[in-house]
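Presented below is the structure to which this report refers.
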Amino acid sequence: MATGSDGTERISRRAVLRRAAALGLAAGSLSCLGASRVFGAPAGSAVTIAEGLEPLSLDPANDTATMAMDTYSSMFDALVSFDAKIVLHPSLAASWRAVTPTTWEFALASGVMFHNGDPMTSDDVAYSINRIVAPDSKLRRKSFMAGIQKADVVDAKTVRVTTSIPLAITPKLMRYAYVVPRKIVEQQGDAQFALKPVGTGPYQFVEWVKSSHITVRRYDRYWGAAPAIDVATWQSIPEDFSRVAALQTGAADVIVLVPPDRAAALQRARDIHVETSPSLRTDFVGMNTWSAPFADVRVRQAMNYAVDKDTLIKEILGGYAISNGSPVSRAVPSFNPAIKPYPYDPDKAKALLKQAGYANGFETTIEGTAGMYPSETDVIQAIAGQLQKVGVTVRLNLQPWGSFWPRWLGRKVPGLYFLGFGNDLGDPHQIFASHMWKAGRGLYWNTPKLDAMVEAGLATADEAKRHAVYADAQVFVHEQAPWVFLYDQVDIYGVRGRIDWRPRPDEQVLPHQMRARTA
Amino acid sequence: MTRYLGFRVAYVAATLVAVSVVIFVMLMASGDPAALMLSPNATPAEVAALRHQMGFDRPWPAQYLAFVRRAVWGDFGTSLRYNEPALGLVVQFLPATAVLAGAAMALAVAIAMPLGVLAAARRGSAYDLTASAVGVLGQSVPVFWLGMLMILVFGVVLQWLPIGGRGGVSHLVLPAAALGWYETAALTRLVRASLLDVLGDDYIRTAYAKGLRAYTVLLKHALRNAALPVVTVLGLELGTLLGGAVVTETVFSWPGVGRLLVDAVNNRDVPLALTAILLLAGIVICLNLVVDLCYAWLDPRVRYG
């Protein structure tokens, strides 16, 4: 204690500094507590993947998000799988054939074991399909398998799938029906199985700490090719900034959804490389065509001529998108390359509007979300500005997804809306069914002519015929312009130098397709 | 005291009912949970069928009363998102938030008390200036910005500390510092102001005149009396920390109730959102009650009856 000039005792500066030094030492010692790696996966043959979301459930039939499928495809297999070019391949089914237009038979692969050591049977396969498509099923995957009626066991090696209508995409739809062990699911119940899943995949479940991470370990008795990575961990890091920081510190080896404005900086970082892939996901501005002004095809085409896609891609998306004039993404095998994007031509837009009786323009709204798609807020604002130049005054109405989506489903969007669509089936039918087919979900536009084309594409299993039908359908939709066709996304990933991996158009980040380079 | 306690318990119950009504109405008015439960490929007919199956098409008062009837028996419903009991989920995530809030408060007290005492004891000195700076900065810097800055400096550049997730003590430092920064500022100013107020009292001058050491006068006599408003604020602020951890938990990927609540609201998971908010509200209200009861211990002049 020091004595002040007025005789009172005061706490000395030296005492304060001594105590502060002690505090500093304590803080510094924390850096020794394993600070450089956040999440516990060891280096070597382990990989940590940082995603923006975690699955709603580890029951592979109860979440449809693309990110969830990363986890599912690691722990489970389905009858079929897609390669990196979105071409269908046999998986648990060695082969298949259409017996009738509404009946398919799948011959099963041999030697497949569940992670608990039980052999996979045809009964398990049929059960896995039926639990999704049953009339009283509450599983979220159900609507993705619309048209699949039931599955029956033919014999120990064959399963028959029956559809309610001729459904050429039946084999592709089987990718959604990951096979689960009937005995375990029925014993435990869906809720318990969702917490401790058992599958046939290259990895088996280790743990799930909600809002933190999911860990899986290589299954040594996997029936297929053994993966190079031993342990995979998915981290749930919702913030873009935090995810990028995790990559920079080595806490994550692979991160998804790198913002375009961070890609260049990451590319320059030591021991990090940026990987990109054109996506199956296409972004667009839809229109409510059931009333004026968008009921008029000239107005819809005018909207397409009025939007400068190239500037949007260059200035806002940093070049990470590809302009597209078709509703089908370029990465889908049946994309029609003859379709060119609408060029930017505001004079033509004004001429079309004048022909349609809107020489002085009109007012409308555009609805959309924030944070669902790359830079969509900036893109929407830019589009509004571009439309203003041709006389169309656009009021913005941006909402959280939870508010926007029910409105869109309820057909309550009166004017324009911004959406993206991920075609993870790799088939044009999916986009038409979701947005343009009256028997599907053509809520804001549908026509008998396109309905006939969609149904023709569904009715034949001949891929060449389907390809031709969908090529014509894409031309028709391009001309009818129910959307302002914008671009296909280009997905950006950050990858540590020690990981060898190439991304896929379907956004699947699969540890069994990675290799860890030795130091 | 018994009558006072009885009144406070009734007050707690009434407050929780009011909170539940307000939150329920806001959640139901903000969107349709059925549409968000199904996949984006679902048709309007499927959404309508689910809405009917889950009872979301019933009048709001009927839905609310059904929730209350079950909640009274401890059944807060099943999370629409996770398909697990909502109360179990919130209880599962609560310890992480409690640890974070507790650590933030401990850090705030550990810094604010000595700094506030020094600032009051040595007015106009460097300590006083530091305390003022801490007070201003702490209450003007947003938590999310501070959190991101901390991640950048201590995680990415210096690589001293982990940048997110829950693990050992080192994982707690950055999020607790970010969350507790505002509390540190507020408490520093409060301790300083409260102590300055007390230091001007006659009994303090008498104590000095009697020859008591400065250490004894300051910490044993003045601080105890100055602690009354500080304790009040501590209790209130701990409740604020519990609810305000939402942003910090998101920036640092901390798996607590805050993140759970944000996801629940975004997905219109009404049972989970209601349960989380009611539990947090209940904790805040109980903390207030504890603070009020502490008064009687701190100040013998305070009596309830």
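Every chain is numbered from 1, with letters handed out A, B, ... down the list of sequences.
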Name the region of [X], side chain, backbone, both or neither, that has any atom closer than 4.5 Å to a heavy atom of chain A.
{"X": "B:F93", "answer": "side chain"}
{"X": "B:L172", "answer": "neither"}
{"X": "B:R259", "answer": "side chain"}
{"X": "B:L89", "answer": "side chain"}

Below 4.5 Å from any heavy atom of chain B, which atoms of [X] appear? Answer side chain, backbone, both or neither.
{"X": "A:L139", "result": "neither"}
{"X": "A:F421", "result": "side chain"}
{"X": "A:Q192", "result": "neither"}
{"X": "A:L195", "result": "side chain"}
{"X": "A:Q430", "result": "side chain"}

Counting neighbours of CH2 on B:W60 that are heavy atoms of other residues, nucleotides or ligands and sit closer than 6.0 Å, is the number greater than 12? yes
To the nearest 0.5 angstrom, please state how far the [atom1] atom of [X] sits from the [atom2] atom of [Y].
{"X": "B:D269", "Y": "A:L56", "atom1": "CG", "atom2": "CG", "value": "9.5 Å"}
{"X": "B:I163", "Y": "A:L247", "atom1": "CD1", "atom2": "CG", "value": "9.5 Å"}
{"X": "B:W254", "Y": "A:S212", "atom1": "CH2", "atom2": "OG", "value": "10.0 Å"}
{"X": "B:E46", "Y": "A:R140", "atom1": "CD", "atom2": "CZ", "value": "13.5 Å"}

Between A:S242 (side chain) and B:V251 (backbone), is there a donor-acceptor pair under 3.5 Å? yes
Donor-acceptor pair, distance only, cut-off 3.5 Å: does the side chain of A:R441 make one with the backbone of B:A42? yes
Is the terminal nitrogen or CZ of A:K210 (NZ for Lys, CZ for Arg) located under 6.0 angstrom from the six-membered ring centre of B:Y82 and within 45° of that ring's axis? yes
Between A:S434, A:S236, A:G410, which shows the greatest number of heavy-atom pairs under 4.5 Å with chain B? A:S236
For the candidates B:L260, B:N83, B:D263, B:I151, which exhibits the highest count of non-hydrogen atom pairs separated by less than 4.5 Å from chain A? B:I151
Indicate the atoms forming the closest heavy-atom contact of A:A245 with B:V156, along with that distance. CB-CG2, 3.7 Å
Under a 4.5 Å cut-off applied to non-hydrogen side-chain atoms, are A:P238 and B:S253 in contact? yes
Side chains of A:S143 and B:T43: does their closest heavy-atom pair fall under 4.5 Å? no
State, without any angle test, whether A:S403 and B:R268 hold a side-chain donor-acceptor pair at a distance under 3.5 Å. yes
All ring-ring contact (aromatic ring centres under 6.0 Å, His included) counterparts of A:Y444, not counting sequence neighbours: A:W408, A:Y417
